[in-house]
Amino acid sequence: MPAVFTDEQRAFAAAIDELCQRECGTREQRDALTANGKEAHNAEFYATLAELGWLGVGLPEEDGGSGGGITEQCLFLERMGYGLAPMGGWVTTVVVAGPYLKFGTDDQRKRAVTSISSGGVHAISMSEPEAGSDVGALSCRAEPVEGGFLVNGQKTWCSNAHIADNILLVARTDTTGAKHEGLTMFEVPADADGLTIRQIDTMGSNEVNDLYFTDCFVPADAVIGRVNQAWPQLMTGLNGERLYLASAMLGRAKRAFDDTVAYVKERTQFGKPVGTFQALSQRIADLATELECAELLVYSVAAAVDAKPEKLLPREASMAKLKATETAKKVALEGMQMMGGYGYATEYDMEAHLRATVVSTVYGGTSEIQRDIIATTFGL
């Protein structure tokens, strides 16, 4: 771990490692918690994290959180990612916390923080069939009616909606301005009348969903922030979202790396461990260097955000997300190659590492989008 961590942060990371080793340290334990890898979230394990006070990390104590900053949140996600812990609902949940903290009313903020800290799962819904990277093109409508709004339309790729208590919906409330104008955030209960949630089958675990809104009523006090101001509100949360995804994949990449090293030390061919062959040992050296770079980048950006929480860091946050997710994918691919057929077998975790990491370069803003953002900050 980088020397920039405090003793308290190091102790927090060690406590997470100890819990993961005890609760999900074996393949048998993880299979039992995840229905043999089909589920990314286990409610009982998540409740344990709530009892420990860890789900409120980085959230203000005065509102019911556990205190700390984004560095602690990144540590939490990284070490949980390394431990293969089934708490996939927390990433979207902590992303959702941002708008409540910055734009919610006192009641909305305290209610959200209390829910998150006690084990509530929250999802955020932006993408649509015709609005992925181009979020401003979304068309799901929220029409004003007496007492609130009626929502109609489809959302897609909504992570954790099927296990969520509430969904932070971004819908169009005005069509008269530019495409990034006229968007509004709403808090919608996952069991609201007029909302249907259907899971999308993927090559990974059960995480993403289609949402169908049919005359779904949301009251006026469900608006988070200001009507027609969702876009600038969303922009203020990009530091956190990108760092959260980067941290989770950094942990997964470290685990895939350690699994690879352990295997090539034990596997023998031609009378010696395959890791001693230069073709593999130099790959290991390169991956270790890439991981070190990714770690230093992620935590340097986290430290910058903690130093000035109000400052947007589009270049740095995009670099962290790009580097960590691409590195994670590379480590898993190289790990599978170095393990040969066993890397492809479900007997080992490497194939699961690959499935988990390959999609990380797509969600939360594709690698191509991150590169575009970085280039834009140089005036290109």
Side-chain angles (χ1 to χ4, degrees), residues 5-6 8-13 15-16 19 41 43 45-81 85 87-124 159-160 163-168 185-187 189-190 222 224-225 233-248 251 298-299 301-313 317 320 364:
F5 289 124
T6 65
E8 290 78 8
Q9 290 167 340
R10 290 175 182 275
F12 181 44
I16 297 170
L19 176 76
H41 186 90
F45 181 83
Y46 205 62
T48 298
L49 302 182
E51 292 173 4
L52 290 168
W54 291 355
L55 298 182
V57 65
L59 303 181
E61 294 180 85
E62 60 269 24
D63 293 326
S66 303
I70 200 166
T71 298
E72 285 78 12
Q73 292 175 328
C74 290
L75 264 177
F76 182 56
L77 283 165
E78 184 218 314
R79 299 320 301 166
M80 285 292 177
M87 40 77 72
W90 198 77
V91 177
T92 56
T93 298
V94 74
V95 169
V96 166
Y100 281 92
L101 293 175
K102 296 172 184 175
F103 307 107
T105 64
D106 288 345
D107 178 65
Q108 288 173 335
R109 186 183 67 252
K110 291 179 180 179
R111 183 159 39 83
V113 172
T114 299
S115 169
I116 292 168
S117 300
S118 61
V121 175
H122 297 252
I124 183 168
S159 298
N160 299 317
I163 59 172
D165 300 302
N166 292 297
I167 296 166
L168 184 63
M185 290 182 176
F186 298 92
E187 178 186 78
I224 305 299
Q233 291 175 193
L234 284 170
M235 293 301 100
T236 67
L238 293 182
N239 287 347
E241 180 184 13
R242 289 168 187 163
L243 280 171
Y244 300 145
L245 297 173
S247 301
V298 167
Y299 285 109
V301 178
V305 173
D306 278 335
K308 294 184 177 181
E310 73 287 348
K311 185 177 180 180
L312 296 183
L313 300 170

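The residues of the chain are indexed from 1 along the displayed sequence.
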*Is there a side chain to side chain contact (heavy atoms under 4.5 Å, CB included) between L234 and M185 once you walk through the steps?*
CA-CA 9 Å; L234 284 170; M185 290 182 176; 3.4 Å; yes
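- A donor-acceptor pair under 3.5 Å links the side-chain atoms of Q73 to the main chain of V57, judged by distance alone.
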*Would you please test R242 and V301 for side chain to side chain contact (heavy atoms under 4.5 Å, CB included) and show each step?*
CA-CA 10 Å; R242 289 168 187 163; V301 178; over 6 Å; no
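- Taking all atoms of both residues into account, the shortest heavy-atom contact from V113 to P60 is CG1-O, 4.3 Å.
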Distance-only criterion, 3.5 Å: show the donor-acceptor pairs between side-chain atoms of residues 87-102 and protein atoms not counting sequence neighbours.
residue, atom, partner, partner atom, Å
W90, NE1, L55, O, 2.9
T92, OG1, G89, O, 3.3
T92, OG1, H122, O, 2.8
T92, OG1, N160, ND2, 2.9
T93, OG1, G89, O, 2.6
T93, OG1, H122, N, 2.9
T93, OG1, H122, O, 3.4
Y100, OH, E187, OE2, 2.6
K102, NZ, T236, O, 2.6

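- Within the structure, ring pair (Phe, Tyr, Trp, His ring centres under 6.0 Å) contacts touching residues 56-75 (residues at least two apart or in different chains) do not occur.
- Between L49 and M80, the closest side-chain pair of non-hydrogen atoms falls below 4.5 Å.
- Within the structure, the salt bridge (Lys or Arg N to Asp or Glu O under 4.0 Å) test picks out no pair touching residues 90-99 (sequence neighbours left out).
- Under the side-chain contact (heavy atoms from CB on, under 4.5 Å) criterion, T105 pairs with D107, Q108, not counting sequence neighbours.
- Among residue pairs with one or both ends in residues 51-66, those qualifying as side chain to side chain donor-acceptor pair (under 3.5 Å) are D63-R109; sequence neighbours excluded.
- Evaluation of the ring-ring contact (aromatic ring centres under 6.0 Å, His included) rule for Y46 yields H41 as partners, not counting sequence neighbours.
- Atom CG of residue N166 and atom CZ of residue F186 lie 14.5 Å apart, to the nearest 0.5 angstrom.
- Residues S247 and L77 approach most closely at CB-CB, 4.0 Å, considering heavy atoms.
- Shown here are the side chain to side chain donor-acceptor pair (under 3.5 Å) partners of E241, two or more places apart in sequence or in another chain: there are none.
- For P309, there are no side-chain contact (heavy atoms from CB on, under 4.5 Å) partners, not counting sequence neighbours.
- The main-chain N or O of R111 is never found under 3.5 Å from a side-chain atom of S115 such that the two would form a donor-acceptor pair.
- M235 and L312 get closest at one heavy-atom pair: O-CD2, 3.6 Å.
- Every side chain to side chain donor-acceptor pair (under 3.5 Å) that D306 has, sequence neighbours left out, goes to T71.
- Of all heavy-atom pairs between S159 and A123, the closest is O-CB, 3.3 Å.
- Proximity of a side-chain donor or acceptor of N239 to a complementary backbone N or O of K311 within less than 3.5 Å is detected.
- Residues S117 and G64 come closest through the heavy atom pair OG-O, 3.1 Å.
- The shortest non-hydrogen separation linking A320 to L243 is CB-CD2, 4.1 Å.
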